[in-house]
Visitor: 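Below is one structure. I have some questions about it.
Everything numeric in this text was worked out from a predicted model, so none of it was measured.
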Amino acid sequence: MDTLQHDGDQMEWKESARWIKFEEKVEEGGERWSKPHVSTLSLHSLFELRTCLQTGTVLLDLDGGSLPQIIDDVIEKQIEDGLLRPELRERVSYVLLRKHRHQTKKPIHRSLVDIGKSVSSTTNRSPARSPAAGPSLHHSTEDLRMRQNASYGRLCHAQSRSMNDISRTPNTDQRKNKFMKKIPKDSEASNVLVGEVDFLDQPFIAFVRLIQSAMLGGVTEVPVPTRFLFILLGPSGRAKSYNEIGRAIATLMVDDLFSDVAYKARNREDLIAGIDEFLDEVIVLPPGEWDPNIRIEPPKKVPSADKRGNGLDYMEFRLWIGLHSAIQCLILVATDASFIIKYITRFTEEGFSTLISFIFIYDAIKKMIGAFKYYPINMDFKPDSITTYKCECVAPDTANTTVFNASALLAPNTNTSLYNPLNLTALDWSLLSKKECLNYGGQLLGNSCQFIPDLALMSFILFFGTYSMTLTLKKFKFSRYFPTKVRALVADFSIIFSILLFCGIDACFGLATPKLHVPSVIKPTRPDRGWFVAPFGKNPWWVYLASILPALLVTILIFMDQQITAVIVNRKENKLRKAAGYHLDLFWVGILMAVCSFMGLPWYVAATVISIAHIDSLKMETETSAPGEQPQFLGVREQRVTGTIVFILTGISVFLAPILKYIPLPVLYGVFLYMGVASLNGIQFWERCKLFLMPAKHQPDHAFLRHVPLRRIHLFTLVQILCLAVLWILKSTVAAIIFPVMILGLIIVRRLLDLIFSQHDLAWIDNILPEKEKKETDKKKRRKGAHEDSDEEEKDLPVGVTHSDSSFSDSELDRSITLHFRISCPASPAFNYSQSPVFMVPQVKIEMESDCDFTDVDRYGRETDGETTL
């Protein structure tokens, strides 16, 4: 935390306190740090901090690479919101960009004198004679300097930005600071700036979270990248109050719970909710019963953040939920519980798979819409006013320009040494880029300086282009171009080709589209945990038993997800030859759940969309066919090689972070959209939904349309739509905890449909439940027994009458038709048998009957008791 120090007209930021886990203060009158101690905050300061976040500027995921750029964005936002008068822009910028002095540096009266000397010596030197400015530097012409002074003389001394060390490379003091050894690896800094000035009539408050941590030079005591920045400038007279508010936000930022909230906050309300959670645990000590000046020593054992936030340690609690769920899965395997899949009909399958597909489609579109909010389209652009658009880099006032370390990004064609002093007056500011201008302390002026390319439009092109290209290449297999093997190769690798193509298009344009963020180091996501979670020691004993209840919900969800996916994969239309392994799959899921729970990894379940895509990629078709004949589906290549290789490549992708970081996120969103849409193909529910918009004469020739009335089909589809809507609402609300139970409820809804629809209708638009199939089989057996009894009575048949029984075995009664033939040869009236018995022409009569109860003529395609006369 830095506080603003005044010495006459001169100002600088002085480090007054620092936090790693506990607070350390700069001792008054001494040049050393205090011992680490627990921060003691006033309740009033926390409430004032809450008010500051409610009324101040909050910028989350700001794209800023340097302190001047961040300050410009904050001030611009304050002016837009009406929190700062435009005429105060330069004065606030001047204050916030003053030099930062840390405990290892000289005091203010010496450093400012030295700076003054360097300024005077620099201004008395000719730019051409400057030792730092070699012949390859772009020198400012006298005409350009006069024009800049005439046009922008109003900037005055407020534009002096060279007072601040904005180098991105650590300076000597930072590199030699031994304090760096005490900071955990991959740490990020939160800088707090508080102070009072005399030109503000209301506080200037800003909370900034950078989209990516950045080195801000001398702002930090040690070379640690900054992710958060809190600024509080207020009117004079309340320095103590501002200092307490700064200590409050600094203490919150090292708190595990609030730090997690700050990293994940989506808006101002999330930050305020984090403060409220912190206030819920605050303990207030009466002011007259203790000495606030006493420093509390750090405890020997700091309580876990999870135990504080929830009263329980989350990782240990999650471990026991996973272990109980794993045991429950193994019990389901041992008790042959997978028989329940007989009740998972097409109704349940399609409801679940459609929900997963809609999630893919919804999330892809939602992310794409978010890009338009983050990178809005420039609606104010007017082609007729293009001549008035300009943006120039203006140098700081020469009266206050000094020589500073040139380790920041140098101008093009500059051969100055990295650590040589650079004379800013020798630069041609009009030739600097935006980043160079801000790094050197310049000012961007013009109405086009805030221009951002239409990244949303480019993102949409990448998004929709990837989706449409993948869809087109997938259908390329059925085109008339190129040989069969080439077309099959293009179709099989359509997603890879689309990703490579649009990544190349993105690279050609060079726009700053959002890219994939991939960790470069394999490590646990939280620094306070290892690779394995200890099962005991953090939670009370009753938690180990109470975790059975949430584990039951987890088991239901995993069981349904696993088994429904397996049922979809093992459908008859996929023509799989190998038997299904429902119990084996669930057994390994249970084992992997226990392993993942101990390691704190996500639980392993079947991925419906990926499984369906895997099956589609392994389908086989006839390679030889007559000219004009379409290839016929033969089945699926049943093997374990591709599945193993897929997950091996998934693991290897962790090491491909340097390559994967160039993949634009809109390209991946397009792939997700394709996967969601492609998984809807072949789902009868989706085909029936499209019938609502089709006139009868344009409806496709589906088999169920021939045998079930259209109104009954629509009624069945509406029931499925209603169930899908209920599942979606539950998934999206706080009631999501009962989502697994509702998945199981689909089976119950399907059983109730037997009261509304006939078994004939359900046989065509769904599947018949096992009990109904058993009843039909029993009826067949009874009818067959009755026919056998009648056959015994028909042994004494007239001459010429024979009996033939072509019944199948009992195991095939549900699929076979048993026909009983009675063949008789009555005398023909066309002949006189008494006169010429040798030339008799018999007349044959065939009567057919079946053991099946043919209640529907169209379904079986023939009539019962049919009669044919030959």
Side-chain angles (χ1 to χ4, degrees), residues 61-66 68-70 72-73 76 138 166 168 210-215 225 364 367-383 386 389-393 408-414 427-440 442 444-470 495-520 653 656-673:
D61 294 332
L62 178 66
D63 188 7
S66 65
Q69 181 182 354
I70 296 172
D72 284 344
D73 292 339
E76 185 67 28
H138 300 283
I166 55 176
R168 294 187 180 181
L210 300 180
I211 191 173
Q212 188 172 5
S213 58
M215 298 294 295
K367 296 289 186 181
M368 198 61 249
I369 294 176
F372 280 86
K373 294 181 179 179
Y374 195 79
Y375 303 106
I377 296 179
N378 298 307
M379 305 296 294
D380 297 330
F381 177 78
K382 298 179 181 179
I386 193 171
Y389 296 151
K390 63 179 180 179
C391 182
E392 295 184 78
C393 178
L409 189 63
L410 296 177
N413 302 324
T414 300
L427 288 175
D428 187 351
W429 294 86
S430 63
L431 299 178
L432 298 181
S433 66
K434 176 182 177 180
K435 184 178 294 185
E436 293 168 343
C437 178
L438 295 176
N439 284 345
Y440 290 148
L444 296 173
L445 289 180
N447 49 11
S448 65
C449 293
Q450 302 299 325
F451 171 75
I452 299 178
D454 288 329
L455 296 181
L457 181 59
M458 184 63 187
S459 298
F460 180 78
I461 293 174
L462 297 176
F463 165 74
F464 190 75
T466 303
Y467 164 73
S468 57
M469 178 63 70
T470 305
I495 294 179
I496 301 296
F497 292 150
S498 299
I499 292 177
L500 293 177
L501 174 63
F502 283 93
C503 284
I505 293 175
D506 177 73
C508 291
F509 281 92
L511 296 178
T513 52
K515 298 296 192 298
L516 180 65
H517 296 285
V518 183
S520 58
S653 65
L656 301 179
I659 299 176
L660 298 179
K661 67 181 182 180
Y662 293 107
I663 300 179
L665 288 177
V667 171
L668 298 182
Y669 299 153
V671 174
F672 294 157
L673 178 63

Visitor: Flag the pair M458 / I505 as yes when at least one side-chain heavy-atom distance between them is below 4.5 Å, and no otherwise.
Guide: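 Side-chain contact under 4.5 Å: yes.
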Visitor: To the nearest 0.5 Å, tell me how far F497 CZ sits from I499 CD1.
Guide: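 The CZ atom of F497 sits 11.5 Å away from the CD1 atom of I499.
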Visitor: Quick one: closest heavy-atom pair of M368 and S459, and the distance?
Guide: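 Distance-wise, the nearest heavy atoms are CE-CB, 3.4 Å.
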Visitor: Rounded to the nearest 0.5 Å, how far does CZ of F464 lie from CZ of F502?
Guide: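 Reported to 0.5 Å precision, the distance equals 10.0 Å.
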Visitor: Could you grab the distance from atom CZ of F509 to atom CD1 of I461, nearest 0.5 Å is fine?
Guide: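 One finds 7.0 Å between CZ of F509 and CD1 of I461.
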Visitor: Give the table of side-chain donor-acceptor pairs shorter than 3.5 Å for residues 657-670, with sequence neighbours excluded, one pair per line with atom names and distance.
Guide:
none

Visitor: Quick one: salt bridge (Lys or Arg N to Asp or Glu O under 4.0 Å) pairs with a partner in residues 662-673, sequence neighbours left out?
Guide: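 Sorted pair list comes back empty.
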Visitor: Going by the rule side-chain hydrogen bond (donor to acceptor under 3.5 Å, both in side chains), which residues pair with S498 if we only count those two or more places apart in sequence or in a different chain?
Guide: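 S498 satisfies side-chain hydrogen bond (donor to acceptor under 3.5 Å, both in side chains) with T470 once adjacent residues are dropped.
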Visitor: Taking side-chain hydrogen bond (donor to acceptor under 3.5 Å, both in side chains) as the definition, give me every residue that meets it alongside S213, ordered by chain and number, with sequence neighbours left out.
Guide: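 With sequence neighbours excluded, S213 shows a side-chain hydrogen bond (donor to acceptor under 3.5 Å, both in side chains) to E188, given in chain and number order.
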Visitor: Can you find a pair of side-chain heavy atoms, one from L210 and one from I70, that are under 4.5 Å apart?
Guide: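 In contact.
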Visitor: For K515, what residues pass the salt bridge (Lys or Arg N to Asp or Glu O under 4.0 Å) criterion, not counting sequence neighbours?
Guide: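 By the salt bridge (Lys or Arg N to Asp or Glu O under 4.0 Å) rule, K515 matches D506.
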Visitor: Under the salt bridge (Lys or Arg N to Asp or Glu O under 4.0 Å) rule, collect the residues that match up with D61, sequence neighbours excluded.
Guide: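 So D61 forms a salt bridge (Lys or Arg N to Asp or Glu O under 4.0 Å) with R209.
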